[in-house]
Asker: 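One structure, as structure tokens, below. Some questions next.
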2 protein chains.
Amino acid sequence: MAAIRVFEAAARHANFTSAAEELGMTQAAVSYQIKGLEQRLGVGLFVRARGRVALSEAGRLIAGQVSGAFDALDEAFGRLREEDESLLRISTFNSFAAQWLAPKLGGFQLAHPGLAVRLDNSEDPVDFARDDIDVAVRGGFGDWPELRVEFLMRVLFAPMASPSFISQHGPLDTPGQIRASRLLSPDDTWWPRWFAGAGLSDPPPPSRGGIRLDSQPLEGAAAMAGQGVAILNPVFWRAELADGRLVQLGEAMLGNRGIWLVCPEHKRNAAKIKAFRQWIAHEVANDPDAATLTAPARSGPSVTLPK
Amino acid sequence: MAAIRVFEAAARHANFTSAAEELGMTQAAVSYQIKGLEQRLGVGLFVRARGRVALSEAGRLIAGQVSGAFDALDEAFGRLREEDESLLRISTFNSFAAQWLAPKLGGFQLAHPGLAVRLDNSEDPVDFARDDIDVAVRGGFGDWPELRVEFLMRVLFAPMASPSFISQHGPLDTPGQIRASRLLSPDDTWWPRWFAGAGLSDPPPPSRGGIRLDSQPLEGAAAMAGQGVAILNPVFWRAELADGRLVQLGEAMLGNRGIWLVCPEHKRNAAKIKAFRQWIAHEVANDPDAATLTAPARSGPSVTLPK
DNA sequence: GCGAGCCATAAGCTCAGCTTATCATCGCCG
DNA sequence: CGGCGATGATAAGCTGAGCTTATGGCTCGC
């Protein structure tokens, strides 16, 4: 196999020395490989005459096609590299994608017109070894030793409801009033933590068989439709809060988890990764709600933030 | 390079184990090669999931073209083998080719219709390392240690002239009369040896500036045209002697050289070589004039044969 | 005749690539 | 559920293919 690669170069150069140079080996190695190939085939590929080599009849017969085959291989791997360089596969979780990343991603696309972007959403953290993913945004504590980790923002959460729900079921000014109202996804772990942070030490009432929606976008949509109070990340619902479709009830709490940008170590210097990292860091810095405090310590306490 | 070959097989099988089987290696080796290739490329070629492997997006992108390239290589080398197997390149010297081999070669062609035959003629012994030759017929003593050697026949020589020359310049019944006539290629080494064998111990007269033709066919043609007496191998001029265009003068002498079939050791078992060897041995055996005595000893004495 | 190019060969080293052995995982089936 | 068969990953260790360096021989041009 290696011998064929050597033959291809030698045939093109009609000169073992310069073929060796192209291949980054010595002339002796080329001679050795060609000799071996000829012996295995039982056919002379080159004629040695007057201190030179030239393709023999047999060599001439195959040289073209062999070169063509290597061109095809080069092209295939070239395409692979190109494809790889020009496609950024991002894995993230639904709420982040839908409520934060997707609306901003157009700007990234504009800044990097040659780069195709594909978003893969999954609540489960992506396995880089299993799936063809370049970079992921995931929540947690940044403790992924195999991966290159970059802190993006802390997780915030606060109860939210639509103005119509508040006017129908309000007032919802105190934590107690909120706890007594209709909670969406009442078994969400954020609820007890928020109530605890708000000073209600007794546990919330057991789930009243309330609606359990699987992702924040759906909970937000339900809340906006006046179906109850959802506990959501204000960072993700900035637009809805701004135009009044949602109203934040009480203070936002700072979770002990963070949102991180991660990628496999070996890809950390790929141009597309660097571009994305740079862009997203800038977007985070420019997001007035993304609380870019220091990264959370493992199982640090929840922190209350002013509304 | 080897890794690409492994990738090609693994991609086709979508199964490392059976790919390893096809390649005659172990599953571990396939796994190792694929892993190395992926690392060098920085791209996953397979996705490992649920104890199986499947081509990743990247792998799928190139698998087809890679397989195609290998097909092209296989085809090229297949053509080479086929070409090599279906073409027999024979090197021989002019007189043998023109006066003995060529007229019989049609029979070989008939017996082996799939085999193309090419005759390369040269008075100099062929260099198998230099030229693309499968088999050669050459004169000498059979002492070519690098080659597979097979004895064909002894060399004979006898003076010959055309009937018209004899009637004009005859009689040419005794060696002395012949020596006094017009000799073609008078400096041919066969002349003194033939005269010596015929009992004339004194050297032949010095070259009278006579015609020096370079090959036996030309000498024979000159003799048939009545231009003088040529010393020729009766085996090669059987037809001309039979139909009277040439007349043999005196006895034929057995030279100490032989005519041999030779081929490179490594080709001795090639089908086309075996076929030719078998055919030519049969032709020699059936040639009533080819004196198939034992092979000559190195510098053995000339032997006189009855006319 | 001499030097520059080029290829073949010899000797020797080194690590890529293999094997063997073992483990982990998954799917299947009783 | 638990054992089994199939499949891959991984570790450890060996070995010879394939390299390098060094040299010699040949041919050509000056």
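Each chain gets a letter, A, B and so on, in the order its sequence line appears, and its residues count up from 1.
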Asker: Could you tell me the separation between the CD1 atom of B:Ile34 and the C1' atom of D:dT10, rounded to a whole number of Å?
Answerer: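 Rounded to the whole Å, the gap is 16 Å.
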Asker: Got a sec, which residues hit ring-ring contact (aromatic ring centres under 6.0 Å, His included) with A:Phe108, two or more places apart in sequence or on another chain?
Answerer: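 Partners of A:Phe108 by the ring-ring contact (aromatic ring centres under 6.0 Å, His included) criterion, ordered by chain and then number, come out as A:His112, A:Phe276, A:Trp279.
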Asker: Pick base, sugar-phosphate or nothing for B:Thr17, based on heavy-atom distances below 4.0 Å to the nucleic acid.
Answerer: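 Since only primed, P, OP1 and OP2 atoms lie under 4.0 Å of B:Thr17, the category is sugar-phosphate.
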Asker: If the condition is ring-ring contact (aromatic ring centres under 6.0 Å, His included), which residues does B:Phe77 pass it with, not counting sequence neighbours?
Answerer: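 For B:Phe77, no residue satisfies ring-ring contact (aromatic ring centres under 6.0 Å, His included) once neighbours in sequence are set aside.
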Asker: Could you list all the side chain to side chain donor-acceptor pair (under 3.5 Å) pairs where at least one residue sits in residues 9-31 of chain B, not counting sequence neighbours?
Answerer: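 Every side chain to side chain donor-acceptor pair (under 3.5 Å) pair that includes a residue of residues 9-31 of chain B, provided the two are not neighbours, is B:Glu8-B:Arg12, B:Arg12-B:Glu22, B:His13-B:Ser18, B:His13-B:Glu22.
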Asker: Figure out the NE2/P separation between B:His13 and D:dT7, and round it to whole Å.
Answerer: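 Atom NE2 in B:His13 sits about 12 Å away from atom P in D:dT7.
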Asker: Have A:Gln216 and A:Gln99 got a donor and an acceptor in their side chains that come within less than 3.5 Å?
Answerer: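 No donor-acceptor contact under 3.5 Å links the two side chains.
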Asker: Tell me the interatomic distance from A:Arg52, atom CZ, to D:dC28, atom C1', rounded to whole angstroms.
Answerer: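 After rounding, the reported distance stands at 7 Å.
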Asker: Does anything in residues 33-44 of chain B form a side chain to side chain donor-acceptor pair (under 3.5 Å)? List the pairs, not counting sequence neighbours.
Answerer: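 Checked against side chain to side chain donor-acceptor pair (under 3.5 Å) - neighbours excluded - the pairs reaching residues 33-44 of chain B are B:Glu38-B:Arg48.
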Asker: Atom CD of A:Glu21 to atom P of C:dC7: distance rounded to whole Å?
Answerer: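 Rounded to the whole Å, the gap is 12 Å.
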Asker: Using whole Å, what does the distance between atom C1' of nucleotide C:dC6 and atom CZ of A:Phe46 come to?
Answerer: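 Spelled out: CZ on A:Phe46 to C1' on C:dC6 is 14 Å.
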Asker: So how far off straight is the helix from C:dG1-D:dC30 to C:dG30-D:dC1, going by the axes through five pairs at either end, to 10°?
Answerer: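 Here the helix ends are tilted 30° relative to one another.
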Asker: Over how many whole Å does the gap from A:Glu38 atom CD to C:dC7 atom P extend?
Answerer: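 Rounded to whole Å, this separation is 13 Å.
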Asker: Not counting sequence neighbours, which residues clear side chain to side chain donor-acceptor pair (under 3.5 Å) with A:Glu85? List them please.
Answerer: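 Here no residue qualifies.
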Asker: Which residues pass the side chain to side chain donor-acceptor pair (under 3.5 Å) test with B:Arg268, not counting sequence neighbours?
Answerer: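 By the side chain to side chain donor-acceptor pair (under 3.5 Å) rule, B:Arg268 matches B:Glu265.
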Asker: Run the side chain to side chain contact (heavy atoms under 4.5 Å, CB included) test against B:Ala98 and tell me which residues pass, sequence neighbours left out.
Answerer: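 Applying side chain to side chain contact (heavy atoms under 4.5 Å, CB included) to B:Ala98 gives B:Pro217.
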Asker: Mark up nucleotides 10-22 of chain C, 5' to 3', with B wherever a protein heavy atom is under 4.0 angstrom from a base atom, S wherever such an atom reaches only the sugar-phosphate, and - elsewhere.
Answerer: ------SBSBB--
